[in-house]
Amino acid sequence: MILLPGTSIRNRDLFSEVVLMRGKAIENITIEDIEILISDGAVEDRRLEYKVDIQVSEKEQKRQRKIDPNCIPVDRSWVKGSKLSDYGRDALSEEIVAFANADGGTLVLGMDETKDAPPRAEKLNPLPDVAGLERRLRDVLLSCVEPRLPYVAVRAIQTEPDGSGVVVIEVGASALGPHWVVKTRRPTIRREDRCVPLSMSEVHDMVLRNARAFETATSRLEAIRSDFEANFVYKMCLQIPYAHLRWDRAELSAWLDPLGRAALGAQVVIMPHYDLSLPRFETMAGLLPADDALSIWVQGKEHKQQWMYIYSMMQGYERRILGGVSAQQTGGFDKHIEIHRSGRIFVSFMQHREIEKCTCRADLIVGMVAFALGVYDRLRARSSYPSAPAEVGLNIATNGVVGVGQYSGFGFNSSYGKLDENVDFDRYTFGDAQEISMLLNEVASDLFNAAGQPAASLPKAVWSDPH
(Lines give C-alpha, C1' and ligand atoms only; values in the text may rest on other atoms or scores of the structure.)
Protein backbone atom coordinates (compact mmCIF):
# COMPACT_ATOMS: atom_id res chain seq x y z
CA MET A 1 0.00 0.00 0.00
CA ILE A 2 1.11 3.56 -0.67
CA LEU A 3 -0.21 6.52 1.29
CA LEU A 4 0.08 9.79 -0.55
CA PRO A 5 1.92 12.55 1.37
CA GLY A 6 0.23 15.82 2.47
CA THR A 7 -2.41 14.50 1.99
CA SER A 8 -6.05 8.75 7.07
CA ILE A 9 -19.33 -7.05 9.56
CA ARG A 10 -22.80 -6.14 10.09
CA ASN A 11 -23.57 -4.32 6.87
CA ARG A 12 -21.58 -5.61 3.93
CA ASP A 13 -23.20 -3.29 1.40
CA LEU A 14 -20.53 -0.74 2.21
CA PHE A 15 -16.95 -1.91 1.77
CA SER A 16 -15.31 0.76 3.90
CA GLU A 17 -17.68 -0.06 6.77
CA VAL A 18 -16.95 -3.77 6.36
CA VAL A 19 -13.26 -3.11 6.84
CA LEU A 20 -13.76 -0.67 9.68
CA MET A 21 -16.14 -2.86 11.61
CA ARG A 22 -13.57 -5.64 11.43
CA GLY A 23 -11.01 -3.19 12.78
CA LYS A 24 -8.97 -3.41 9.57
CA ALA A 25 -6.97 -0.62 8.02
CA ILE A 26 -6.55 -0.58 4.24
CA GLU A 27 -3.05 -2.02 4.49
CA ASN A 28 -4.50 -5.14 6.12
CA ILE A 29 -7.20 -5.82 3.51
CA THR A 30 -6.85 -9.24 1.89
CA ILE A 31 -8.28 -10.88 -1.19
CA GLU A 32 -10.73 -12.68 1.12
CA ASP A 33 -12.19 -9.28 2.06
CA ILE A 34 -12.64 -8.45 -1.62
CA GLU A 35 -14.30 -11.80 -2.31
CA ILE A 36 -16.83 -11.12 0.46
CA LEU A 37 -18.13 -8.25 -1.64
CA ILE A 38 -18.88 -10.72 -4.43
CA SER A 39 -20.39 -13.46 -2.25
CA ASP A 40 -22.66 -10.91 -0.55
CA GLY A 41 -23.50 -9.04 -3.74
CA ALA A 42 -22.44 -5.74 -2.13
CA VAL A 43 -24.04 -2.78 -3.92
CA GLU A 44 -22.45 0.44 -5.02
CA ASP A 45 -23.52 3.42 -2.91
CA ARG A 46 -22.35 6.81 -1.74
CA ARG A 47 -19.09 5.38 -0.33
CA LEU A 48 -18.35 2.45 -2.62
CA GLU A 49 -17.55 2.29 -6.35
CA TYR A 50 -16.47 -0.56 -8.65
CA LYS A 51 -14.46 -0.16 -11.84
CA VAL A 52 -13.80 -3.12 -14.08
CA ASP A 53 -10.80 -1.44 -15.76
CA ILE A 54 -9.17 1.86 -16.69
CA GLN A 55 -11.55 3.61 -19.08
CA VAL A 56 -10.58 4.03 -22.74
CA SER A 57 -11.64 6.93 -24.99
CA GLU A 58 -13.81 6.31 -28.07
CA LYS A 59 -10.90 7.29 -30.29
CA GLU A 60 -8.65 4.69 -28.65
CA GLN A 61 -11.40 2.07 -28.84
CA LYS A 62 -11.68 2.60 -32.61
CA ARG A 63 -7.92 2.43 -33.00
CA GLN A 64 -7.65 -0.88 -31.14
CA ARG A 65 -10.64 -2.42 -32.97
CA LYS A 66 -9.15 -1.41 -36.28
CA ILE A 67 -6.15 -3.56 -35.44
CA ASP A 68 -8.22 -6.41 -33.99
CA PRO A 69 -12.01 -6.25 -34.55
CA ASN A 70 -12.60 -8.90 -31.87
CA CYS A 71 -10.61 -7.21 -29.09
CA ILE A 72 -11.97 -5.60 -25.93
CA PRO A 73 -10.29 -2.16 -25.87
CA VAL A 74 -8.19 -1.66 -22.74
CA ASP A 75 -5.45 0.63 -21.43
CA ARG A 76 -2.30 -1.28 -20.49
CA SER A 77 0.11 1.63 -20.65
CA TRP A 78 1.56 1.00 -17.18
CA VAL A 79 2.60 -2.52 -18.20
CA LYS A 80 4.75 -0.97 -20.94
CA GLY A 81 6.24 1.55 -18.49
CA SER A 82 4.21 4.45 -19.88
CA LYS A 83 1.83 6.89 -18.24
CA LEU A 84 -1.90 6.26 -18.10
CA SER A 85 -3.87 7.75 -20.96
CA ASP A 86 -5.25 11.22 -20.26
CA TYR A 87 -8.81 10.01 -20.70
CA GLY A 88 -8.53 7.08 -18.29
CA ARG A 89 -6.49 9.10 -15.82
CA ASP A 90 -9.02 11.93 -15.65
CA ALA A 91 -12.09 9.66 -15.55
CA LEU A 92 -10.70 7.76 -12.56
CA SER A 93 -9.51 10.96 -10.85
CA GLU A 94 -13.01 12.46 -11.10
CA GLU A 95 -14.39 9.45 -9.19
CA ILE A 96 -11.80 9.98 -6.46
CA VAL A 97 -12.50 13.72 -6.32
CA ALA A 98 -16.23 12.99 -6.00
CA PHE A 99 -15.60 10.95 -2.85
CA ALA A 100 -13.36 13.65 -1.34
CA ASN A 101 -15.98 16.35 -1.98
CA ALA A 102 -18.63 14.19 -0.25
CA ASP A 103 -18.13 11.78 2.66
CA GLY A 104 -15.09 9.87 1.45
CA GLY A 105 -15.22 6.33 0.14
CA THR A 106 -13.52 3.36 -1.46
CA LEU A 107 -13.00 2.48 -5.12
CA VAL A 108 -12.20 -1.10 -6.14
CA LEU A 109 -10.48 -1.21 -9.52
CA GLY A 110 -10.62 -4.62 -11.20
CA MET A 111 -14.14 -5.56 -10.11
CA ASP A 112 -16.83 -6.43 -12.67
CA GLU A 113 -20.35 -5.44 -11.70
CA THR A 114 -23.90 -6.55 -12.47
CA LYS A 115 -26.40 -4.71 -14.66
CA ASP A 116 -28.60 -3.99 -11.64
CA ALA A 117 -29.39 -0.47 -10.50
CA PRO A 118 -27.47 0.14 -8.39
CA PRO A 119 -24.83 -2.37 -9.55
CA ARG A 120 -23.52 -5.17 -7.34
CA ALA A 121 -20.11 -6.78 -7.19
CA GLU A 122 -20.15 -9.74 -9.61
CA LYS A 123 -16.65 -11.10 -10.27
CA LEU A 124 -13.00 -10.14 -10.27
CA ASN A 125 -11.36 -8.82 -13.42
CA PRO A 126 -7.66 -9.11 -12.45
CA LEU A 127 -5.54 -6.35 -13.96
CA PRO A 128 -1.92 -7.08 -14.97
CA ASP A 129 1.02 -5.82 -12.91
CA VAL A 130 -1.08 -4.27 -10.13
CA ALA A 131 2.07 -3.23 -8.28
CA GLY A 132 3.04 -1.09 -11.29
CA LEU A 133 -0.50 0.24 -11.56
CA GLU A 134 -0.42 1.22 -7.90
CA ARG A 135 2.67 3.33 -8.52
CA ARG A 136 1.09 4.99 -11.57
CA LEU A 137 -2.08 5.81 -9.66
CA ARG A 138 -0.05 7.32 -6.83
CA ASP A 139 1.62 9.68 -9.30
CA VAL A 140 -1.72 10.51 -10.93
CA LEU A 141 -3.48 11.41 -7.69
CA LEU A 142 -0.57 13.58 -6.58
CA SER A 143 -0.32 15.57 -9.79
CA CYS A 144 -3.81 15.65 -11.29
CA VAL A 145 -6.01 16.81 -8.41
CA GLU A 146 -6.24 20.30 -6.93
CA PRO A 147 -6.17 21.21 -4.10
CA ARG A 148 -4.13 18.19 -3.02
CA LEU A 149 -6.25 15.60 -1.24
CA PRO A 150 -5.61 15.47 2.53
CA TYR A 151 -5.86 11.67 2.54
CA VAL A 152 -5.87 9.04 -0.18
CA ALA A 153 -4.35 5.55 0.06
CA VAL A 154 -3.66 3.20 -2.85
CA ARG A 155 -3.31 -0.54 -2.24
CA ALA A 156 -2.53 -3.24 -4.84
CA ILE A 157 -3.82 -6.70 -3.94
CA GLN A 158 -2.36 -9.52 -6.03
CA THR A 159 -4.84 -12.29 -6.84
CA GLU A 160 -2.92 -14.27 -9.48
CA PRO A 161 0.60 -15.80 -9.56
CA ASP A 162 1.52 -13.61 -12.57
CA GLY A 163 1.14 -10.38 -10.53
CA SER A 164 -2.40 -9.61 -11.66
CA GLY A 165 -4.99 -8.41 -9.18
CA VAL A 166 -7.10 -5.49 -8.03
CA VAL A 167 -6.34 -2.03 -6.68
CA VAL A 168 -8.19 -0.54 -3.72
CA ILE A 169 -8.25 3.25 -3.38
CA GLU A 170 -9.46 4.76 -0.11
CA VAL A 171 -10.33 8.46 -0.01
CA GLY A 172 -11.09 10.59 3.02
CA ALA A 173 -13.74 13.28 3.17
CA SER A 174 -12.02 16.63 2.76
CA ALA A 175 -12.57 19.97 4.45
CA LEU A 176 -10.35 21.63 1.82
CA GLY A 177 -12.79 21.29 -1.09
CA PRO A 178 -14.04 21.65 -3.59
CA HIS A 179 -11.40 19.53 -5.31
CA TRP A 180 -11.21 19.12 -9.08
CA VAL A 181 -9.20 17.38 -11.79
CA VAL A 182 -6.51 19.70 -13.14
CA LYS A 183 -7.16 19.12 -16.84
CA THR A 184 -10.96 19.17 -16.85
CA ARG A 185 -11.28 21.82 -14.10
CA ARG A 186 -14.55 20.13 -13.20
CA PRO A 187 -15.36 19.48 -9.52
CA THR A 188 -17.48 16.37 -8.95
CA ILE A 189 -19.34 14.94 -5.97
CA ARG A 190 -20.66 11.53 -4.98
CA ARG A 191 -24.45 11.21 -4.89
CA GLU A 192 -25.79 7.78 -4.00
CA ASP A 193 -23.96 5.47 -6.44
CA ARG A 194 -23.01 8.12 -9.01
CA CYS A 195 -20.30 10.68 -9.63
CA VAL A 196 -21.87 13.95 -10.83
CA PRO A 197 -20.57 17.48 -11.51
CA LEU A 198 -21.04 20.19 -8.92
CA SER A 199 -23.05 23.22 -10.03
CA MET A 200 -21.60 26.71 -9.55
CA SER A 201 -24.00 27.39 -6.69
CA GLU A 202 -22.94 24.13 -5.01
CA VAL A 203 -19.27 25.05 -5.42
CA HIS A 204 -20.00 28.41 -3.82
CA ASP A 205 -21.87 26.77 -0.93
CA MET A 206 -19.07 24.26 -0.34
CA VAL A 207 -16.45 27.00 -0.22
CA LEU A 208 -18.49 28.97 2.31
CA ARG A 209 -19.27 25.89 4.41
CA ASN A 210 -15.64 24.81 4.60
CA ALA A 211 -14.54 28.36 5.37
CA ARG A 212 -17.03 28.55 8.24
CA ALA A 213 -15.84 25.19 9.56
CA PHE A 214 -12.24 26.42 9.46
CA GLU A 215 -13.19 29.65 11.25
CA THR A 216 -15.09 27.66 13.87
CA ALA A 217 -12.05 25.45 14.52
CA THR A 218 -9.87 28.55 14.73
CA SER A 219 -12.13 30.29 17.23
CA ARG A 220 -12.41 27.12 19.33
CA LEU A 221 -8.64 26.71 19.45
CA GLU A 222 -8.23 30.36 20.41
CA ALA A 223 -10.75 30.00 23.25
CA ILE A 224 -9.03 26.82 24.44
CA ARG A 225 -5.66 28.58 24.35
CA SER A 226 -6.96 31.45 26.52
CA ASP A 227 -8.51 29.01 28.99
CA PHE A 228 -5.24 27.09 29.24
CA GLU A 229 -3.18 30.21 29.99
CA ALA A 230 -5.65 31.29 32.68
CA ASN A 231 -5.72 27.77 34.11
CA PHE A 232 -1.92 27.66 34.21
CA VAL A 233 -1.78 30.75 36.38
CA TYR A 234 -4.62 29.46 38.57
CA LYS A 235 -3.03 26.03 39.05
CA MET A 236 0.37 27.43 39.85
CA CYS A 237 -1.09 29.96 42.25
CA LEU A 238 -2.73 27.13 44.19
CA GLN A 239 0.82 26.25 45.26
CA ILE A 240 1.22 29.67 46.93
CA PRO A 241 1.13 29.62 50.73
CA TYR A 242 -1.90 31.48 52.03
CA ALA A 243 -4.20 30.92 49.08
CA HIS A 244 -6.05 34.15 49.81
CA LEU A 245 -3.60 35.90 47.49
CA ARG A 246 -4.87 37.00 44.12
CA TRP A 247 -4.81 34.40 41.34
CA ASP A 248 -3.24 36.34 38.53
CA ARG A 249 0.01 36.50 36.54
CA ALA A 250 1.45 39.35 38.62
CA GLU A 251 0.91 37.48 41.90
CA LEU A 252 2.43 34.31 40.48
CA SER A 253 5.57 36.17 39.41
CA ALA A 254 5.73 38.03 42.72
CA TRP A 255 5.77 34.68 44.53
CA LEU A 256 8.07 32.63 42.32
CA ASP A 257 10.62 35.16 41.08
CA PRO A 258 12.15 36.18 44.44
CA LEU A 259 12.45 32.50 45.35
CA GLY A 260 14.30 31.75 42.14
CA ARG A 261 11.62 29.34 41.01
CA ALA A 262 10.32 28.76 37.51
CA ALA A 263 7.09 27.23 36.22
CA LEU A 264 6.25 25.47 32.96
CA GLY A 265 3.03 24.22 31.41
CA ALA A 266 2.05 22.95 27.96
CA GLN A 267 -1.11 21.79 26.23
CA VAL A 268 -1.84 20.13 22.90
CA VAL A 269 -5.34 20.14 21.46
CA ILE A 270 -6.54 18.07 18.50
CA MET A 271 -9.67 19.37 16.81
CA PRO A 272 -10.99 17.19 13.94
CA HIS A 273 -12.34 18.94 10.86
CA TYR A 274 -15.66 17.17 11.47
CA ASP A 275 -17.27 15.23 14.29
CA LEU A 276 -16.18 11.57 14.32
CA SER A 277 -19.51 10.62 15.94
CA LEU A 278 -18.08 7.56 17.67
CA PRO A 279 -20.24 5.22 19.75
CA ARG A 280 -20.08 5.69 23.50
CA PHE A 281 -16.89 4.44 25.15
CA GLU A 282 -15.98 4.41 28.82
CA THR A 283 -12.32 3.45 28.86
CA MET A 284 -9.03 4.41 27.24
CA ALA A 285 -8.21 0.75 26.59
CA GLY A 286 -7.01 0.28 23.03
CA LEU A 287 -6.65 4.02 22.43
CA LEU A 288 -3.23 4.62 23.96
CA PRO A 289 -0.14 4.28 21.73
CA ALA A 290 2.65 1.85 22.54
CA ASP A 291 5.12 3.12 25.14
CA ASP A 292 8.02 2.73 22.69
CA ALA A 293 6.22 4.15 19.63
CA LEU A 294 8.60 7.13 19.54
CA SER A 295 12.26 6.72 18.61
CA ILE A 296 15.18 9.10 18.23
CA TRP A 297 17.71 8.51 15.47
CA VAL A 298 21.29 9.55 16.24
CA GLN A 299 24.16 8.81 13.85
CA GLY A 300 22.07 6.27 11.96
CA LYS A 301 21.04 4.33 15.06
CA GLU A 302 17.53 4.02 16.45
CA HIS A 303 17.03 4.70 20.15
CA LYS A 304 13.62 3.57 21.39
CA GLN A 305 12.17 5.92 23.99
CA GLN A 306 9.61 5.44 26.76
CA TRP A 307 8.21 8.97 26.81
CA MET A 308 4.66 7.70 26.19
CA TYR A 309 4.72 5.93 29.53
CA ILE A 310 4.26 9.08 31.64
CA TYR A 311 0.85 9.46 29.98
CA SER A 312 -0.15 5.83 29.39
CA MET A 313 0.31 5.11 33.11
CA MET A 314 -2.60 7.49 33.72
CA GLN A 315 -5.03 4.86 32.45
CA GLY A 316 -5.38 3.77 36.06
CA TYR A 317 -6.78 7.23 36.91
CA GLU A 318 -9.39 7.42 34.17
CA ARG A 319 -12.98 8.44 34.79
CA ARG A 320 -16.02 8.90 32.60
CA ILE A 321 -17.05 12.36 31.48
CA LEU A 322 -19.82 13.59 29.21
CA GLY A 323 -18.93 12.40 25.72
CA GLY A 324 -15.75 10.54 26.60
CA VAL A 325 -13.14 9.78 29.25
CA SER A 326 -10.51 11.77 31.14
CA ALA A 327 -7.60 11.15 33.48
CA GLN A 328 -5.74 13.45 35.84
CA GLN A 329 -2.64 12.94 37.94
CA THR A 330 -1.11 15.40 40.41
CA GLY A 331 1.99 15.43 42.52
CA GLY A 332 4.47 17.99 41.18
CA PHE A 333 4.25 17.05 37.52
CA ASP A 334 0.51 17.45 36.98
CA LYS A 335 -0.95 15.83 33.85
CA HIS A 336 -4.40 15.86 32.31
CA ILE A 337 -5.95 13.90 29.42
CA GLU A 338 -9.38 14.17 27.80
CA ILE A 339 -10.58 11.98 24.93
CA HIS A 340 -13.98 12.78 23.40
CA ARG A 341 -16.10 10.64 21.07
CA SER A 342 -16.26 13.65 18.72
CA GLY A 343 -12.51 13.24 18.17
CA ARG A 344 -11.40 16.18 20.30
CA ILE A 345 -8.36 15.41 22.44
CA PHE A 346 -6.67 17.47 25.17
CA VAL A 347 -3.34 16.58 26.76
CA SER A 348 -1.48 18.91 29.13
CA PHE A 349 1.08 19.10 31.91
CA MET A 350 2.09 21.74 34.47
CA GLN A 351 4.90 21.98 37.02
CA HIS A 352 6.89 24.47 39.05
CA ARG A 353 10.51 23.87 39.93
CA GLU A 354 12.47 24.87 43.03
CA ILE A 355 15.43 25.94 40.95
CA GLU A 356 16.39 29.24 39.38
CA LYS A 357 16.00 28.01 35.82
CA CYS A 358 13.65 25.52 34.26
CA THR A 359 14.43 23.71 31.00
CA CYS A 360 11.73 22.73 28.57
CA ARG A 361 13.36 19.73 26.94
CA ALA A 362 12.33 18.66 23.48
CA ASP A 363 11.04 15.29 24.73
CA LEU A 364 8.59 17.00 27.11
CA ILE A 365 6.79 18.71 24.24
CA VAL A 366 7.37 16.18 21.44
CA GLY A 367 6.38 13.29 23.72
CA MET A 368 3.14 15.03 24.69
CA VAL A 369 2.25 15.87 21.07
CA ALA A 370 3.18 12.36 19.91
CA PHE A 371 0.95 10.81 22.57
CA ALA A 372 -2.01 13.00 21.54
CA LEU A 373 -1.54 12.23 17.83
CA GLY A 374 -1.22 8.52 18.57
CA VAL A 375 -4.48 8.55 20.53
CA TYR A 376 -6.25 10.47 17.76
CA ASP A 377 -4.98 8.09 15.07
CA ARG A 378 -6.33 5.11 17.02
CA LEU A 379 -9.56 6.92 17.82
CA ARG A 380 -10.39 7.85 14.24
CA ALA A 381 -9.64 4.27 13.12
CA ARG A 382 -12.77 3.29 15.05
CA SER A 383 -14.91 5.80 13.17
CA SER A 384 -16.39 5.93 9.69
CA TYR A 385 -13.63 8.43 8.85
CA PRO A 386 -10.33 6.59 9.49
CA SER A 387 -8.45 9.33 7.64
CA ALA A 388 -10.26 12.29 9.24
CA PRO A 389 -7.91 15.32 9.19
CA ALA A 390 -7.59 17.55 12.23
CA GLU A 391 -6.12 20.85 13.39
CA VAL A 392 -3.46 20.59 16.09
CA GLY A 393 -2.97 23.47 18.50
CA LEU A 394 0.04 23.71 20.84
CA ASN A 395 0.56 26.24 23.64
CA ILE A 396 3.29 26.69 26.25
CA ALA A 397 3.03 28.87 29.35
CA THR A 398 6.02 29.78 31.51
CA ASN A 399 7.04 31.85 34.49
CA GLY A 400 10.59 32.83 35.30
CA VAL A 401 13.58 31.76 33.22
CA VAL A 402 12.57 28.80 31.07
CA GLY A 403 14.94 27.80 28.31
CA VAL A 404 14.88 24.90 25.85
CA GLY A 405 17.02 21.79 25.80
CA GLN A 406 17.89 18.78 23.68
CA TYR A 407 16.16 15.42 24.02
CA SER A 408 17.03 13.84 27.37
CA GLY A 409 20.05 11.60 26.99
CA PHE A 410 21.24 13.24 23.76
CA GLY A 411 23.67 16.14 23.76
CA PHE A 412 24.60 18.33 26.70
CA ASN A 413 22.22 18.98 29.59
CA SER A 414 22.23 22.67 28.81
CA SER A 415 19.41 25.20 28.64
CA TYR A 416 19.31 27.56 25.69
CA GLY A 417 17.51 30.85 25.16
CA LYS A 418 14.32 31.85 26.95
CA LEU A 419 10.69 31.14 26.16
CA ASP A 420 8.09 33.89 26.45
CA GLU A 421 5.40 33.72 29.11
CA ASN A 422 2.90 32.51 26.53
CA VAL A 423 4.06 30.72 23.38
CA ASP A 424 1.31 30.09 20.84
CA PHE A 425 2.55 27.83 18.07
CA ASP A 426 1.13 28.08 14.57
CA ARG A 427 -1.58 25.50 13.99
CA TYR A 428 -0.57 22.21 12.42
CA THR A 429 -2.83 20.21 10.12
CA PHE A 430 -2.70 16.45 10.65
CA GLY A 431 -3.83 14.13 7.86
CA ASP A 432 -2.22 10.78 7.20
CA ALA A 433 -0.56 8.74 9.96
CA GLN A 434 2.68 8.70 7.98
CA GLU A 435 2.89 12.45 8.61
CA ILE A 436 3.30 12.04 12.39
CA SER A 437 7.12 11.82 12.30
CA MET A 438 7.34 14.91 10.09
CA LEU A 439 4.95 16.84 12.33
CA LEU A 440 6.87 15.91 15.49
CA ASN A 441 10.15 17.11 14.01
CA GLU A 442 8.44 20.35 12.99
CA VAL A 443 7.21 20.83 16.56
CA ALA A 444 10.72 20.26 17.94
CA SER A 445 12.18 22.81 15.52
CA ASP A 446 9.47 25.34 16.35
CA LEU A 447 10.15 24.89 20.06
CA PHE A 448 13.81 25.79 19.65
CA ASN A 449 12.99 28.67 17.30
CA ALA A 450 10.51 30.03 19.88
CA ALA A 451 13.43 30.43 22.28
CA GLY A 452 15.51 32.12 19.58
CA GLN A 453 17.67 29.06 19.01
CA PRO A 454 18.61 27.12 15.83
CA ALA A 455 17.18 23.62 15.48
CA ALA A 456 19.57 22.11 12.93
CA SER A 457 21.38 19.94 15.51
CA LEU A 458 18.24 18.24 16.86
CA PRO A 459 18.11 14.46 16.35
CA LYS A 460 15.23 13.18 14.23
CA ALA A 461 12.13 11.76 15.86
CA VAL A 462 10.48 8.73 14.23
CA TRP A 463 6.99 7.43 15.02
CA SER A 464 5.84 3.84 14.63
CA ASP A 465 2.64 2.58 16.26
CA PRO A 466 1.04 -0.27 14.30
CA HIS A 467 -2.53 -0.91 15.37
Side-chain angles (χ1 to χ4, degrees), residues 1-8 25-28 142 148-155 170 172 174-176 217 221 266-273 276 284 286-298 302-312 337 339 343-348 361-383 385-395 407 425-448 455 458-467:
M1 182 194 67
I2 298 178
L3 296 171
L4 306 190
T7 58
S8 123
I26 186 174
E27 60 266 28
N28 297 325
L142 277 175
R148 180 174 287 186
L149 298 172
Y151 172 82
V152 57
V154 184
R155 170 86 191 282
E170 182 182 66
S174 173
L176 306 177
L221 287 173
Q267 175 179 259
V268 59
V269 179
I270 298 183
M271 188 77 65
H273 287 184
L276 298 186
M284 295 180 181
L287 293 176
L288 307 187
D291 289 343
D292 63 352
L294 187 60
S295 299
I296 299 299
W297 282 77
V298 179
E302 180 184 23
H303 300 265
K304 284 284 188 181
Q305 305 301 312
Q306 297 291 325
W307 297 327
M308 301 296 100
Y309 178 69
I310 64 172
Y311 294 103
S312 61
I337 300 172
I339 306 173
R344 288 182 297 136
I345 294 172
F346 305 82
V347 181
S348 65
R361 295 204 170 276
D363 44 279
L364 275 176
I365 304 302
V366 171
M368 178 185 69
V369 175
F371 176 82
L373 291 173
V375 170
Y376 179 72
D377 193 42
R378 286 171 172 249
L379 189 66
R380 67 180 179 176
R382 295 185 176 185
S383 76
Y385 308 101
S387 58
E391 295 300 303
V392 181
L394 175 61
N395 311 107
Y407 291 105
F425 289 67
D426 289 339
R427 278 200 322 276
Y428 307 94
T429 298
F430 173 51
D432 182 70
Q434 290 193 344
E435 297 174 359
I436 293 181
S437 297
M438 180 177 64
L439 197 154
L440 295 178
N441 286 303
E442 189 175 353
V443 166
S445 296
D446 288 346
L447 172 66
F448 265 64
L458 280 170
K460 294 302 178 186
V462 177
W463 179 261
S464 177
D465 181 40
H467 58 85

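The side-chain heavy atoms of F425 and V369, taken from C-beta on, include no pair separated by under 4.5 Å. In this structure, the side chains of L294 and D363 stay at 4.5 Å or more apart for every pair of heavy atoms. You'll find the side chain of L440 reaches within 4.5 Å of the side chain of L373, heavy atoms only. The closest side-chain heavy-atom distance from E170 to V152 is not below 4.5 Å. Side-chain contact between S295 and H303 is absent, with no heavy-atom pair separated by less than 4.5 Å. Using a 4.5 Å heavy-atom cutoff, the side chains of I337 and Y311 are in contact. Between L276 and Y376 the shortest side-chain heavy-atom distance falls below 4.5 Å. Using a 4.5 Å heavy-atom cutoff, the side chains of D292 and M308 are not in contact.
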Might you work through the side-chain contact (heavy atoms from CB on, under 4.5 Å) test for V269 and V392, ending with a clear yes or no? CA-CA 6 Å; V269 179; V392 181; over 6 Å; no

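Residues satisfying the side-chain contact (heavy atoms from CB on, under 4.5 Å) test with T429, not counting sequence neighbours, are H273, E391. When the side-chain contact (heavy atoms from CB on, under 4.5 Å) test is applied to I310, the partners found at least two apart in sequence or on another chain are F333. With sequence neighbours left out, V462 forms a side-chain contact (heavy atoms from CB on, under 4.5 Å) with W297, S437. Shown here are the ring-ring contact (aromatic ring centres under 6.0 Å, His included) partners of F448, two or more places apart in sequence or in another chain: there are none. Partners of A266 under the side-chain contact (heavy atoms from CB on, under 4.5 Å) rule, at least two apart in sequence or in another chain, are F349, I365, M368, I396. Qualifying salt bridge (Lys or Arg N to Asp or Glu O under 4.0 Å) partners for D465, counting only residues two or more places apart in sequence or in other chains: R378.
Listed here is the closest heavy atom pair of S464 and P466: C-CD, 3.7 Å. The two residues G367 and W307 have their closest heavy-atom pair at CA-CB, 4.5 Å. Among all heavy-atom pairs drawn from A372 and V268, the shortest one is CB-CG1, 3.6 Å. The shortest non-hydrogen separation linking D291 to S312 is OD1-OG, 2.7 Å.
Note that the CD1 atom of I296 and the NZ atom of K460 stand 10.5 Å from one another [nearest 0.5 Å]. Here CD1 of I345 is found 10.0 Å from CZ of R380. Values are rounded to the nearest 0.5 Å.
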